[in-house]
Amino acid sequence: MRKNKQLKLATMLIAPGAASGLWQHPSHQAAPASLDFYIQLAQAAERGRLDFIFQPDQYRTPGVTMEEFRHHVNVGLEPLTLLSALAVVTRHIGLAVTMSTTYHEPYHIARMIASLDHLSSGRASWNIVHSRGDYESANFAMTHRPGPEERAAYGSQFVHIVKSLWDTWEDDAIVADKINGIYADEAKVHQLDYDNKWFSMKGPLNVARPPQGHPVLIEAGQSGSFMERAAQHAEVVFTMFNQMDQAQKFYRELKSKLAAYGRVPNDLLVMPGLQLCVGRTEAEAWAKRAERDALERHHHRLDLISYRIGLDVQAYGLNSSSTLPPADIVPATHPYRERKALADQHGLTTVLQLFEFMSKLQGHLSITGSPAQVADVLEQWLTEEAADGFIYIPSLLPEGINDLVDLVVPELQLRGLFRTEYAGQHLRSHLGLTRPLNTLTNIS
């Protein structure tokens, strides 16, 4: 391990557990939140010197039936709008927005994320998603969009174009010479002339190159094909492991792939999801856990079942007690193929059995205990190369973020595992990531 290595820590400003019944907890903000409430959360995270705010997103509601809407809730705000507002009331913390390559165009995303980077003085990040699920597609016309089997390849080209658009203006292209009437050096402004079966892109972008060069690129996943894509351009990988040996294997394999793309291990950070139930004492933490467990519902949403097993159960007329369909009902690259192979290997025959198996396999690291006990686990994952840091997923708001900032962060700071002050202005400086070369000129 690199000497004096410190944890990276981010947090969500949503509580996914609310959709499973925790919205009923007395301390949770269940009604649609105001801007003042989000400001409170963001400033608490910045007070804790966290690296960035990470806002996941979906283009649908949780649940798919009217009965599910009665019990499940996770209605929030569109992330780019929210984080743009929070850029004004924060000064250091990074702002990571989720946007899909399937339901946007490269030019749109390039200019929106670049604008956020300018408005925040270099704190923007793009969490890249390819929206492979079936539920979101019901909200969009799909005739001109790639099918699920093509979205990874389509998404890779999409990201390449966005990075190129950010680079169409070199850093010093705008000279604003009022005496000679020269606004830009035309030799430092570039067109792309990119044209293939999916994209037609001339450029240049109508926003100057972002302060960070490229806003930080985040991707989520853990499959073999995902690792190959992430090794090419991801700078933060959000993943899901609850067993340290599995996390270590993933960490080492992913980092080993970087050299093939001219990158070094420190060019990419692995940050698994983290769930906490922390109290000032271990007894207090377990009392909190018991209270929360009593509120969580025990019936499962159809969309969550579909996500876990990799197959839209509603589209095939399945329910939790149904027998698993054969793997050949989907294309060879479909995620259900891998899940069905696991089911066969472990003798699982029903949708519910595979769902429960995948829930255990895919769950985030969850820790219940005192601040010292939480810090012990986080330190072990850091020092034994299972993670570079974590993206915290609060169960309740605002309580969850306050517990992280007021209980866990001070313990990590005492151990020298987390910063006590921000060292720079840009998100890249928080994360220890270098500013990228311009992809069109190879100039930094």
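Of the inter-residue distances, the one linking L165 atom CG with K202 atom NZ reads 13.5 Å to the nearest 0.5 angstrom. Interatomic distance, M201 CE to L192 CG, rounded to the nearest 0.5 Å: 7.5 Å. The OG1 atom of T434 sits 11.5 Å away from the CG atom of L431 when rounded to the nearest 0.5 Å. Between I401 atom CD1 and Q43 atom CD the span is 12.0 Å, to the nearest 0.5 Å. One distance of note links CG of N242 with CD of Q275; it measures 9.5 Å at 0.5 Å rounding. Here R123 contributes atom CZ and L86 contributes atom CG; the two are 9.5 Å apart, rounded to the nearest 0.5 Å.
At a threshold of 4.5 Å between non-hydrogen side-chain atoms, the residues Q6 and L417 do not count as touching. I53 has its side chain out of reach of T90: every pair of non-hydrogen atoms, C-beta onward, lies at least 4.5 Å apart. Contact annotation: the side chain of N127 approaches that of V129 to within less than 4.5 Å [non-hydrogen atoms, C-beta and beyond]. At a threshold of 4.5 Å between non-hydrogen side-chain atoms, the residues P398 and F37 count as touching. Looking at M271 and F52, their side chains come closer than 4.5 Å, going by heavy atoms from C-beta outward. A heavy-atom distance below 4.5 Å is found between the side chains of P211 and H426. Counting heavy atoms from C-beta on, the side chains of L378 and I367 come closer than 4.5 Å. A 4.5 Å side-chain heavy-atom check between E170 and H190 finds at least one atom pair inside the cut-off.
In this structure, the side chain of R229 does not engage the main chain of S156 through any donor-acceptor pair within 3.5 Å. A donor-acceptor pair under 3.5 Å is absent between the side-chain atoms of R252 and the main chain of F250, judged by distance alone. When atom types are taken as modelled, the side chain of K8 and the backbone of F390 share no donor-acceptor pair closer than 3.5 angstrom. The backbone N or O of H430 sits less than 3.5 Å from a side-chain atom of R419, completing a donor-acceptor pair. Between the side chain of D117 and the backbone N or O of A124, at least one donor-acceptor pair lies under 3.5 Å. With hydrogens and angles ignored, the 3.5 Å screen pairs a side-chain donor or acceptor of S306 with a backbone N or O of L311. Within the 3.5 Å criterion, the main-chain N or O of N206 finds a donor-acceptor partner in the side chain of Y107. Under the 3.5 Å distance criterion, the side-chain polar atoms of E379 are left unmatched by any main-chain donor or acceptor of D376.
Between W169 and Y183, the ring planes lie perpendicular to each other; the angle is over 60°, past the 30° to 60° tilted range. Between Y422 and H92, the ring planes are parallel. Angles under 30° get that label, and only those over 60° would be called perpendicular. Aromatic ring orientation, W166 versus W126: perpendicular (interplanar angle above 60°, classes split at 30° and 60°).
In this model, a donor atom of one side chain and an acceptor atom of the other lie less than 3.5 Å apart for E228 and Y261. Side-chain polar atoms of T239 and Q222 form a donor-acceptor pair below 3.5 angstrom. A side-chain donor from one of D388 and Y251 sits under 3.5 Å from a side-chain acceptor of the other. Looking at D57 and T98, their side chains never bring a donor and an acceptor atom within 3.5 Å of each other. Side-chain polar atoms of T168 and R209 form no donor-acceptor pair below 3.5 angstrom.
The minimum heavy-atom distance linking D51 with L427 is given by the pair O-CD1, 3.5 Å. Shortest non-hydrogen contact noted between V189 and P204 is CG1-CG, 3.8 Å. In terms of heavy atoms, Q55 sits closest to L13 at OE1-N, 2.7 Å. Of all heavy-atom pairs between R111 and S115, the closest is O-OG, 2.7 Å. The minimum heavy-atom distance linking P56 with P79 is given by the pair O-CG, 4.0 Å. Minimum interatomic distance between G389 and L7 (heavy atoms only, all atoms of both residues): CA-CD2, 3.8 Å.
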Assess the residue pair T81 and E78 against the criterion (side-chain hydrogen bond (donor to acceptor under 3.5 Å, both in side chains)); give the C-alpha distance rounded to whole Å, side-chain angles, the decisive distance to 0.1 Å, and a yes or no.
CA-CA 6 Å; T81 306; E78 187 278 315; 2.5 Å; yes

Carefully, step by step, assess E46 and R91 under the rule salt bridge (charged side-chain N to carboxylate O under 4.0 Å, His left out).
CA-CA 8 Å; E46 189 166 70; R91 289 291 177 267; over 6 Å; no

Go through it in stages, so that I can follow the logic: the residues are T102 and H130, the test is side-chain hydrogen bond (donor to acceptor under 3.5 Å, both in side chains), and I'd like the CA-CA distance, side-chain angles, deciding distance and then a yes or no.
CA-CA 6 Å; T102 301; H130 303 313; 5.8 Å; no

Would you check, one step at a time, whether the test salt bridge (charged side-chain N to carboxylate O under 4.0 Å, His left out) holds for E253 with K249?
CA-CA 6 Å; E253 185 175 351; K249 180 181 177 182; 5.5 Å; no

Start with the C-alpha gap between H364 and F238, add the side-chain angles, then the distance that decides, and say whether ring-ring contact (aromatic ring centres under 6.0 Å, His included) holds.
CA-CA 11 Å; H364 293 290; F238 175 43; 5.7 Å; yes

Side chain to side chain contact (heavy atoms under 4.5 Å, CB included) between K288 and L396, intermediate numbers included:
CA-CA 11 Å; K288 284 185 178 182; L396 303 169; over 6 Å; no

Show the numbers, then the answer: is there a side chain to side chain contact (heavy atoms under 4.5 Å, CB included) between R339 and R308?
CA-CA 9 Å; R339 313 282 167 80; R308 287 279 192 256; 5.7 Å; no

Step-by-step salt bridge (charged side-chain N to carboxylate O under 4.0 Å, His left out) determination, D403 to R280
CA-CA 9 Å; D403 283 350; R280 288 172 176 78; 5.9 Å; no

One pair to check against side chain to side chain contact (heavy atoms under 4.5 Å, CB included): E384 and Q248. What are the steps and the verdict?
CA-CA 8 Å; E384 298 189 24; Q248 287 172 314; 3.6 Å; yes

Check the pair E235 / R428 against salt bridge (charged side-chain N to carboxylate O under 4.0 Å, His left out), numbers first and verdict last.
CA-CA 10 Å; E235 295 170 299; R428 288 184 173 276; 2.7 Å; yes

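F54 has its ring centre no less than 6.0 Å from the ring centre of Y392. For an aromatic pair to be called close, the ring centres must be under 6.0 Å apart, and Y103 with H108 fails this.
Screening N438, D171, T441, D172 for a side chain to side chain donor-acceptor pair (under 3.5 Å) involving K188 leaves a single residue, D172.
Remark: H214 pairs with D167 by the side-chain hydrogen bond (donor to acceptor under 3.5 Å, both in side chains) rule, at least two apart or across chains. In terms of the side-chain hydrogen bond (donor to acceptor under 3.5 Å, both in side chains) criterion, S120 has no residue partners (sequence neighbours excluded).
Around atom CD of E338, no more than 12 heavy atoms belonging to other residues, nucleotides or ligands sit under 6.0 Å away.
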